[in-house]
Protein chains: 2
Amino acid sequence: MIVRIGDESNNMRALPSLPIAGVSRQLSRRSAFEALLHHSPISRAHLAKVTGLSKQTMSEVIDDFERQGLVRRVGRTRGNVGRTAVLYELSPAGGHVLGIDLGAQQLTVALADIAGRVLAEVHEPTDSRGGTQVIEQIARLADHLAREHHTHLGVIRSIVLATPGVVNPRTGAIEMAPNITGLAHINVVGLLTEKLGSPVVCENDINLALLGEIWHGCAQNVGNVAFLALGTGIGLGLYINDRLVRGENGAAGEIGYLPIGGDPMQAEARAQGCLEYQVGASGVVRRHREAGGSGVESAREVFERAQAGDPLAASVVDETARLTALAAATVIATADPKLLVLGGSVGARPDFADKVARMLVQLSPRPVEIRTSTLGRRAGVVGALSVALRRLHDEFFGVAELTAPLPLPQAAARDTARQ
Amino acid sequence: MIVRIGDESNNMRALPSLPIAGVSRQLSRRSAFEALLHHSPISRAHLAKVTGLSKQTMSEVIDDFERQGLVRRVGRTRGNVGRTAVLYELSPAGGHVLGIDLGAQQLTVALADIAGRVLAEVHEPTDSRGGTQVIEQIARLADHLAREHHTHLGVIRSIVLATPGVVNPRTGAIEMAPNITGLAHINVVGLLTEKLGSPVVCENDINLALLGEIWHGCAQNVGNVAFLALGTGIGLGLYINDRLVRGENGAAGEIGYLPIGGDPMQAEARAQGCLEYQVGASGVVRRHREAGGSGVESAREVFERAQAGDPLAASVVDETARLTALAAATVIATADPKLLVLGGSVGARPDFADKVARMLVQLSPRPVEIRTSTLGRRAGVVGALSVALRRLHDEFFGVAELTAPLPLPQAAARDTARQ
DNA sequence: ATTGATTCGTCAAGCGACCGAATCAATAAC
DNA sequence: GTTATTGATTCGGTCGCTTGACGAATCAAT
């Protein structure tokens with residue numbers, strides 16, 4: 001077989017040449033960092049044992065870390081046979097991260113160090129003027145937190161913002177934020193990045209609440225989780241194969257549009273979302289009114305009356321739980337999660353969650369474990385911190401270039417086929 | 001700070017010590033293999049250019065490959081200035097893979113080499129006696145294919161079996177195979193592995209059909225795909241974030257149980273699945289009968305009558321399309337795929353797909369691209385080949401140990417919190 | 001036919017990074 | 001005080017990648 005090279009070289013794209021030389025040390029550093037995260041304070045010798053690397057390598061890595069300010073000495077061992085060991089832990093000077101949960105009512109900001117220690121957390125009502133005023137408010141709180149911890153915004157290296165609405169997974173822009181005025185028309189990420197001086201990433205609040213529960217809440221060590229949030233509206237967070245599901249447009253989990261609870265072709269249902277029209281806060285109030293109830297302003301009151309024994313309110317709540325259970329059954333049939341977490345101001349109510357769980361048993365062919373959110377309103381900001389932390393870690397110790405699976409050849413010819 | 005080592009060493013698990021030494025060469029080999037996959041035949045010098053590695057390294061790697069029989073020389077360049085180059089390509093001797101699609105009616109077996117070239121494919125009716133008879137049938141076909149290609153079962157190094165029903169993602173066992181008799185009670189994977197002499201992996205047929213469309217069909221280069229298969233039953237395959245969604249129990253995509261098209265609490269609906277009870281083949285026939293139709297044995301006839309202009313059959317088909325569109329809308333709201341592929345003997349019919357697409361526009365807030373399966377009945381076996389191939393490649397060139405993301409610390413103490 | 005330009009593949013030297021073994025250091029136990 | 005044990009460092013040794021140089025092979029031009 002003889003081939004002219006001329007043709008060959010034309011369609012030859014250069015692969016993204018990954019620097020194979022040096023990857024070895026990067027992996028060693030990564031292992032050392034991981035061990036420091038989970039076992040600090042720890043000595044060099046123990047680091048070597050835990051990572052499986054040699055003591056020499058570990059010594060070199062730790063020397064590097066110390067020079068960079070990533071670790072600090074915290075003392076020596078005592079009381080053991082043999083020479084005392086110098087103990088190391090991750091230094092707060094290695095970098096800080098900021099998590100922000102921007103809700104329609106509440107704004108929460110939290111600060112953590114590179115080891116994931118939450119140093120401070122503060123929340124206050126969201127500035128109702130919206131838009132740039134909210135940006136200013138966030139910057140003020142962030143600065144306050146940093147000062148409180150005898151540091152400054154400069155040490156913050158990664159920031160994640162939780163926001164309602166759809167976040168474009170490619171650009172990071174907020175595309176639908178109905179509950180906060182004047183946010184859709186300004187470049188939130190850009191403005192915040194400029195004000196705070198480090199990269200800001202935006203993510204849907206329900207997705208981050210889910211990641212919060214996975215990090216520190218009720219969904220730890222589970223790789224397949226569905227998070228059903230019922231509050232003002234209804235939303236879903238999906239965590240599958242140990243990764244968040246964003247969807248092509250960042251609209252995964254927008255289950256307000258599920259064709260449940262009414263005619264999905266109807267005008268109001270199509271605009272607001274068929275399911276949301278029924279189980280959203282305004283839907284609950286409306287159904288209560290349509291059922292003959294009166295004197296109710298908010299969905300909360302309906303739930304409180306129901307708990308107090310009001311039969312009319314109870315029937316409205318029951319219907320809400322039924323529809324929620326249908327939505328849950330839908331998700332379970334589709335994604336088969338190991339765990340279903342109920343969250344949101346309504347969904348996390350134990351009485352309500354109980355009703356949903358009971359309905360679900362009758363709807364779903366296989367039982368699924370159900371828990372209610374343990375982080376509550378903090379879930380969003382905790383999730384934001386976890387993502388910010390992960391981004392910081394990846395910045396230092398990422399091996400993203402190596403993880404891409406070997407692509408299969410696209411152009412394949414079928415040589416033979418019989419019958 | 002002083003710590004006793006004694007306590008520390010107790011809860012210290014040894015990490016799965018990844019062999020960092022040697023990972024470098026493995027990555028080089030991997031790069032070389034990838035370039036060979038996509039650019040063969042290719043010379044050493046060009047391999048060096050494409051991979052970004054040095055000529056020296058590439059020479060060593062190719063020497064290795066040649067010794068192992070992974071590559072073979074296929075000639076020299078001619079007509080260029082300078083010294084002629086020896087050209088290499090992946091050798092079929094490097095290993096073969098087998099894909100098997102075990103359907104209720106049809107059994108398909110295909111053979112491919114390590115480069116993904118499909119060498120032969122054969123299909124015949126599934127042995128209706130089921131059970132071990134089917135195992136024998138598969139073994140016979142596999143042996144036949146191998147012989148036909150002047151080789152033997154020994155060169156096959158990876159086998160994937162597509163089967164209806166739920167496949168346990170951990171054990172690989174078939175847990176529900178209602179359409180093939182006597183398959184649930186025997187250890188299919190174990191028996192086949194023994195008969196064929198290389199590891200067999202089992203996967204749901206719809207999932208593999210989806211992967212087939214992604215490899216060689218209508219969903220190439222798309223990272224978020226939903227595959228809706230409507231035939232005897234209804235099923236869904238989900239491909240999200242460039243990975244297949246199996247679910248905790250392998251039951252992801254079992255949308256026959258979606259609460260659509262009737263009362264999900266009803267006895268028949270609960271047993272068979274609410275949606276499946278309506279749109280499954282038997283459901284279509286039943287609805288046709290209930291609507292006053294007669295003389296119809298199979299769902300296919302209903303669709304053919306509808307296409308021929310029979311108004312009664314048409315209304316049954318319309319309702320089927322409406323329910324299918326509702327299921328699609330459900331998936332789209334939940335997972336937000338980039339592409340929806342319609343497949344299966346019914347779903348791939350252009351007239352039916354058209355109806356579903358039209359319904360869907362009115363149901364979904366954002367438009368989604370819809371295509372019909374281009375591989376048709378071959379999708380399953382092509383997908384099986386793609387997985388078998390990927391497993392073979394990973395066996396040789398996998399870097400799975402390196403890809404795990406850095407886990408965040410679990411035990412975090414919140415030091416301070418205000419307000 | 002000779003010469004020059006070009007390209008392929010190999011050799012040699014150097015460097016970064018890993019490891020094991022040996023050695024020094026510091027401490028508890030006896 | 002001696003011994004056993006453990007921590008940390010130093011010393012070769014090996015692997016693997018890179019660069020630069022060089023011989024071999026070919027085309028093009030004289």
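Letters A, B, ... mirror the listed sequences (proteins, then strands); counts begin at 1.
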A correct 5'-to-3' footprint of nucleotides 21-30 of chain D, with B, S and - meaning base, sugar-phosphate only and no protein heavy atom under 4.0 Å, is --BBBBS---
Under 4.0 Å between a Lys/Arg side-chain N and an Asp/Glu carboxylate O for [X] and [Y]?
X	Y	result
Glu66(A)	Arg73(A)	yes
Glu60(B)	Arg44(B)	no
Arg67(B)	Asp64(B)	yes

Sequence neighbours excluded, the answer for ring-ring contact (aromatic ring centres under 6.0 Å, His included) partners of Tyr239(B) is none
Hits for ring-ring contact (aromatic ring centres under 6.0 Å, His included) against Phe396(A), two or more places apart or cross-chain, chain-then-number order -> none
Taking atom types as they are modelled, is there a donor-acceptor pair under 3.5 Å from the base of dT19(D) to the side chain of Gln56(B)? no
If only side-chain N and O atoms of His46(A) are considered, is one of them under 4.0 Å from the OP1 or OP2 phosphate oxygen of dG7(D)? yes
message = Check the phosphate of dT10(C) against Ser59(B), side-chain N and O only, distance under 4.0 Å to OP1 or OP2. Yes or no?
response = yes
Base-pair string, DNA chain D, Watson-Crick plus G-U, cut-off 3.5 Å on both distances, | for inter-strand, is ||||||||||||||||||||||||||||||
Winner on side-chain proximity to Leu53(A), out of dC11(D), dC8(C), dC18(C), is dC18(C)
Expected list for residues 61-70 of chain A near DNA chain D, using heavy atoms below 4.0 Å, is none
Sub-3.5 Å pairs of nitrogen or oxygen atoms, protein against nucleotides 14-16 of chain D:
none

